[in-house]
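Worksheet: one structure, shown below.
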Amino acid sequence: MDLSMMNKEQKEAIVTTEGPLIVMAGAGSGKTRVLTHRIAYLLEEKDIPSYNILAITFTNKAAKEMRERVDMLIKEDTSHMWISTFHAMCVRILRRDIDKIGYDRSFSILDTTDQLSVVRDVLKKRNIDVKRYPPRQFLNYISNNKNELITVKEARDLTTTYIDELMANVYHDYQEMLFKNSALDFDDLIMLTIELFEKHKDVLSYYQNKFQYIHVDEYQDTNHAQYKLVKMLAEQFRNICVVGDSDQSIYKFRGADISNILNFEEDYKDAKVVMLEENYRSREIILDAANKVIENNTERKPKILRTSRGRGEKIMMINADNEREEGTEIVSQMQKLNQEGFKYRDMAVLYRANSQSRAIEDALVKSSMPYNMVGGMKFYQRAEIKDLMSYMKVVLNPFDDIAMVRIINTPKRGIGVKTIETLENHAVTLGTSIYDAMKEADFIGIPKGTANKLAVLLSTIDKLKDKAKYMSVTELVDEILHDTGYLEMLIRENTLESTSRIENLEEFKTVTKEFDEANEISDDLLFDFLSDMALVSDQDNIDSEDRVTLMTIHASKGLEFKVVFLVGLEDGLFPSSRSMDTDEEMEEERRLMYVALTRAEDRLILSRAKLRTIYGRTNYTQESTFLKEIPEELLEYNSPFKREMKSGSKRRATRTYTNNEGVSFKVGDKVTHPKFGDGLITQVKGSGDSEELDIIFQAVGPKRLLANFAPIKKKD
DNA sequence: GCCCGTTACGTTTTT
DNA sequence: CGTAACGGGC
Ligand SMILES: Nc1ncnc2c1ncn2[C@@H]1O[C@H](COP(=O)(O)OP(=O)(O)OP(=O)(O)O)[C@@H](O)[C@H]1O
């Protein structure tokens with residue numbers, strides 16, 4: 001294999017295939033590239049079967065990318081190699097053997113919203129005041145424990161205060177509830193895999209023998225449970241290679257622990273340590289800025305990072321008046337850079353919090369610029385999508401009470417809280433699930449009519465369960481939407497809201513279709529689909545189309561762009577106000593800044609708004625502490641004068657488009673629209689320029705329009 | 001049992 | 001500002 005493209009240290013890391021190896025190096029020094037080549041080297045030069053290789057990445061997208069890169073390097077078959085995130089790997093392991101520790105093999109994976117509702121349920125049953133003890137705190141407590149592999153029993157033994165005891169009790173109830181439902185949260189995926197390995201050594205040794213060469217990328221962001229898992233797996237062959245950068249550890253809130261790096265050298269005293277000091281990504285000015293910023297962290301080992309990519313342009317700093325202007329200014333810089341030859345796909349806008357994307361999006365839309373927003377997670381949170389997925393969960397595993405409760409009365413069937421309570425209680429007495437309790441509805445004091453409704457639902461679920469055996473996911477979705485009356489409910493509603501829900505369900509079917517194309521019909525199909533949905537966020541959205549990428553700094557880890565815009569450099573926003581109290585958290589924020597700066601290859605544009613609106617309140621801001629840490633000579637401020645004129649002229653222009661100023665609309669008015677035809681007003685909301693009309697048009701159905709601006713005329 | 005209005009509250013960050 | 005839990009009226 002040709003390694004001439006690699007420097008001496010990189011080569012050393014690639015060919016050191018036997019024994020423990022740790023590569024610790026700064027941003028853009030080629031760590032991920034080393035991993036990819038090392039895997040290719042194992043397959044091609046060492047003739048290791050792909051079956052014996054494991055590589056852990058941080059995101060599913062990174063996993064996919066790494067496999068593609070390896071495929072490009074060599075002709076050997078890579079399909080039996082496991083490249084995935086910790087969580088995806090654990091799902092695969094648990095799917096085979098989780099029944100050995102008492103869970104159903106068709107377990108479901110809970111998202112945060114599901115977790116919260118379980119906690120709320122538990123708190124209610126224990127009569128704990130939700131106002132005094134926010135559910136969120138219990139969830140954090142539970143997650144922290146699981147990340148540290150502390151079981152319910154251990155947590156209970158550890159209690160010293162009343163609060164501790166309360167927390168531990170809730171942890172107990174929560175875990176019991178999950179167990180009963182064969183439901184796992186994200187942290188369970190890791191913790192239960194370890195439990196499985198500990199209780200069933202045969203399972204462990206199967207994987208120990210299988211994974212003879214183990215790789216972990218982004219090692220600085222592993223938590224204790226993940227550390228333990230890797231250690232267990234590597235025990236047999238000790239061929240373990242981890243790569244990372246302690247300056248890029250940004251997931252402490254999720255339990256990430258930098259001391260895992262120190263642990264590694266402790267655990268494997270013979271570990272070879274490789275340092276990479278050449279950055280191949282960024283221009284010198286950008287790297288200087290990043291290095292200077294990170295030097296302000298006191299709790300770190302200094303390290304060298306240099307580049308030979310040339311000095312590059314100065315970093316541009318934009319001081320906008322408000323976030324609106326910040327957006328428009330960024331867009332105009334994008335257009336300018338595009339003229340200079342940079343493609344939109346080579347540009348990214350990074351921000352601290354998802355909420356900041358709104359202002360940028362608005363500006364992009366206004367200028368009809370192509371963009372792609374990563375994350376945000378909004379789509380899968382929508383009620384209709386969650387409802388549909390709950391139906392799918394029930395079809396897969398009818399004993400999943402959490403999903404059952406969600407759909408038992410959706411669409412409305414006249415099954416209320418009272419009935420659900422009766423069913424829940426009966427399920428407890430029987431020691432089974434709501435599904436089983438439903439079968440006995442006639443005998444437990446549920447009114448005849450309601451019991452009949454339950455019987456209908458039961459048979460619907462059973463029929464769907466049969467159908468699921470020979471159907472693709474898309475076909476099953478169609479059956480569910482039809483048989484349960486869900487689609488009919490939305491069609492009947494015929495409101496703006498319901499129309500958009502139907503559209504979302506259609507959109508969801510493009511996801512299922514894609515899945516169906518890649519997967520054969522089998523007993524695992526539905527399970528695989530649902531766990532994919534839980535595991536794969538829409539981070540996969542990053543595509544090759546020529547458009548600007550928008551994402552949080554966290555999501556940008558490991559990526560690179562020719563042009564990076566880092567927005568919202570204000571104290572309280574970045575660094576976040578919640579992190580400014582302690583030095584420790586401040587240092588993590590600074591690492592986040594380091595990650596953001598080092599994503600850029602050629603151009604870096606920073607920005608800030610002097611006025612920012614949060615929760616509808618507008619406040620003056622202070623320039624970010626981190627901005628002050630960048631040496632003045634690396635920065636260049638762009639002139640503010642042009643902007644003032646632009647925004648001034650725009651304001652006047654909008655006025656002239658007014659169509660219906662002074663015309664008053666009310667519910668029941670008939671109107672006509674040049675494109676949509678005749679319609680009836682069903683709702684009037686707001687006033688002035690923001691007055692909105694909901695209109696049902698005969699030809700095209702419901703629409704929401706702005707009263708003053710829509711080209712509509714009143715009919716009499 | 002259902003619907004709608006009121007209020008309270010929150011935003012880091014994600015597998 | 002936007003969402004989501006709760007309570008009152010039907
Ligand atoms: N020896 C090399 N010669 C040329 N280019 C290289 C070399 N090594 C790495 N690169 C390039 O440098 C860039 C950064 O590499 P890579 O993403 O592997 O770094 P990294 O250390 O994983 O970065 P980060 O810590 O930011 O995730 C990539 O574009 C890669 O192709």
Side-chain angles (χ1 to χ4, degrees), chain A residues 56-63 84-91 109-113 115-117 120 123-124 130-131 134-136 139-140 143 146-147 184-190 218 221-223 225-226 249-256 323 350-359 374-378 380-383 408-421 447 449-450 453 493 531-540 551-557 568 572-580 585 588-589 591-593 595-596 612-618 690:
Chain A
I56 303 286
T57 59
F58 203 71
T59 62
N60 295 288
K61 187 198 68 219
S84 73
T85 62
F86 274 109
H87 295 90
M89 170 181 79
C90 289
V91 168
I109 302 166
L110 300 186
D111 65 20
T112 321
T113 343
Q115 285 179 277
L116 270 174
S117 61
R120 282 211 186 85
L123 295 183
K124 203 176 247 168
V130 192
K131 292 261 138 59
R136 187 79 237 177
L139 227 45
N140 288 339
S143 177
K146 290 182 177 179
N147 287 334
L184 276 65
D185 61 27
F186 271 93
D187 305 314
D188 279 336
L189 293 174
I190 316 286
E218 308 282 9
D221 273 324
T222 51
N223 62 37
Q226 293 165 339
S249 174
I250 54 176
Y251 281 95
K252 184 143 198 276
F253 70 94
R254 224 171 68 184
E323 65 257 66
L350 308 183
Y351 34 81
R352 176 68 241 262
N354 279 307
S355 57
Q356 289 172 259
S357 70
R358 189 62 171 275
V374 177
M377 289 290 293
K378 278 243 183 70
Y380 297 104
Q381 308 263 45
R382 291 167 195 276
I408 198 164
N409 198 32
T410 322
K412 303 265 175 293
R413 307 184 167 90
I415 299 165
V417 239
K418 195 79 200 303
T419 309
I420 296 174
E421 251 169 42
T450 314
K453 306 253 175 63
E493 238 176 82
S531 50
D532 264 24
M533 295 302 292
L535 256 30
V536 181
S537 49
D538 53 1
Q539 307 259 331
D540 277 295
M551 63 184 151
T552 63
I553 302 167
H554 282 90
S556 77
K557 190 167 79 156
L573 188 62
F574 188 27
S576 156
S577 53
R578 302 168 98 87
S579 309
M580 291 176 74
E585 285 180 291
E588 171 131 333
E589 290 287 299
R591 290 195 290 272
L592 198 52
M593 179 72 176
V595 169
R612 187 169 294 272
T613 310
I614 301 168
Y615 303 145
R617 285 254 159 268
T618 305
S690 60

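Protein chains get the first letters and strands the later ones, always in sequence-line order, with residue 1 at the start of each.
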* Specify the separation, in whole Å, of atom CG of Asn140(A) and atom P of dT14(B). => 15 Å
Considering only nitrogen or oxygen atoms on both sides, find all protein atoms under 3.5 Å from nucleotides 6-11 of chain B and state each distance.
from: dT11(B); atom 1: O3'; to: Arg578(A); atom 2: NH1; distance (Å): 3.4

* Asked: Nearest to the side chain of Arg352(A) - dT14(B), dT15(B), dT13(B)?
  -> dT13(B)
* Asked: Salt bridge check: are Asp221(A) and Lys557(A) linked by an N-O gap of less than 4.0 Å?
  -> yes
* Asked: Reading DNA chain B 5' to 3', how would its secondary structure be written in dot-bracket notation, given Watson-Crick and G-U pairs with both distances under 3.5 Å, brackets [ ] for crossing pairs and | for partners on other strands?
  -> ||||||||||.....
* Assign Asp187(A) to base, sugar-phosphate, or nothing according to its heavy-atom contacts below 4.0 angstrom with the strands shown. => nothing
* Round to a whole Å and report the spacing from CD1 of Ile553(A) to C1' of dT14(B). => 14 Å
* Is a side-chain N or O of Asn147(A) found less than 3.5 angstrom from the main chain of Asn223(A), in a donor-acceptor match? -> no
* Check: dT13(B) base within 3.5 Å donor-acceptor of Arg254(A) side chain -> no
* Rounded to the Å, how far apart are Glu493(A) CD and dC4(B) C1'? -> 14 Å
* Structure fact -> When rounded to whole Å, the CD1 to P distance for the pair Ile109(A) and dT14(B) reads 19 Å
* Asked: Think Asn147(A) has a side-chain N or O under 4.0 angstrom from the OP1 or OP2 of dT15(B)?
  -> no
* Apply the test side chain to side chain contact (heavy atoms under 4.5 Å, CB included) to residues Tyr351(A) and Thr552(A): give CA-CA distance (whole Å), side-chain angles for both, the deciding distance (0.1 Å), then the verdict. => CA-CA 5 Å; Tyr351(A) 34 81; Thr552(A) 63; 3.8 Å; yes
* Asked: Do you see a donor-acceptor pair shorter than 3.5 Å between the side chains of Thr419(A) and Thr450(A)?
  -> no
* To do: Starting from P on dT14(B), measure out to OH on Tyr380(A) and report it in whole angstrom.
  => 16 Å
* Structure fact -> In whole angstroms, the gap separating P of dT14(B) from CD1 of Ile190(A) amounts to 18 Å
* When all nucleic acid strands are considered with a 4.0 Å heavy-atom cut-off, which category describes Arg120(A): base, sugar-phosphate, or nothing? -> sugar-phosphate
* Asked: If you walk 5' to 3' along DNA chain C, what is the first nucleotide with an atom under 4.0 Å of a heavy atom in chain A, and what is the last?
  -> dC1(C) to dA5(C)
* Asked: Among dG1(B), dT15(B), dT13(B), which is the nearest nucleotide to the side chain of Thr552(A)?
  -> dT13(B)
* Asked: Checking all strands, does Thr112(A) fall into the base, sugar-phosphate, or nothing category for heavy-atom contacts under 4.0 angstrom?
  -> nothing
* Asked: At under 4.0 Å between heavy atoms, what does Ser576(A) touch on the DNA or RNA strands: base, sugar-phosphate, or nothing?
  -> base
* Is Phe253(A) stacked on the base of dT13(B) when the test is centres under 5.5 angstrom and planes under 30 degrees? -> yes
* Asked: Excluding sequence neighbours, so at least two apart, what forms side chain to side chain donor-acceptor pair (under 3.5 Å) with Ser579(A)?
  -> Glu589(A)
* Asked: Contact class for Tyr251(A) (heavy atom, under 4.0 Å): base, sugar-phosphate, or nothing?
  -> sugar-phosphate
* To do: Just jot down the side chain to side chain donor-acceptor pair (under 3.5 Å) partners of Glu218(A), sequence neighbours excluded, or say none.
  => Gln220(A)
* Structure fact -> When rounded to whole Å, the CG to P distance for the pair Asn223(A) and dT14(B) reads 17 Å
* Which residues pass the side chain to side chain contact (heavy atoms under 4.5 Å, CB included) test with Asn140(A), sequence neighbours left out? -> Arg136(A)
* **For atom CD1 of Ile250(A) and atom P of dT15(B), their distance in whole Å** => 11 Å
* Is the charged tip of Arg254(A) near the ring of Tyr251(A): under 6.0 Å from the six-membered ring centre and within 45° of its axis? -> yes
* Side-chain contact test, heavy atoms from C-beta onward, threshold under 4.5 Å: evaluate it for Thr113(A) versus Gln381(A) and give yes or no. => yes
* Which value, in whole Å, describes the distance between the C1' atoms of nucleotides dA4(C) and dT13(B)? -> 22 Å
* **Side-chain heavy-atom pair Thr222(A), Phe86(A) within 4.5 angstrom cut-off** => yes
* Does Arg591(A) come within less than 4.0 Å of Glu588(A), counting only side-chain N to carboxylate O? -> yes
* Structure fact -> Tested for side chain to side chain contact (heavy atoms under 4.5 Å, CB included) against Ile190(A), the lone hit among Met89(A), Lys146(A), His87(A) is His87(A)
* Asked: What do the steps show when you test Gln356(A) against Leu573(A) for side chain to side chain contact (heavy atoms under 4.5 Å, CB included), and what is the final call?
  -> CA-CA 10 Å; Gln356(A) 289 172 259; Leu573(A) 188 62; 3.5 Å; yes
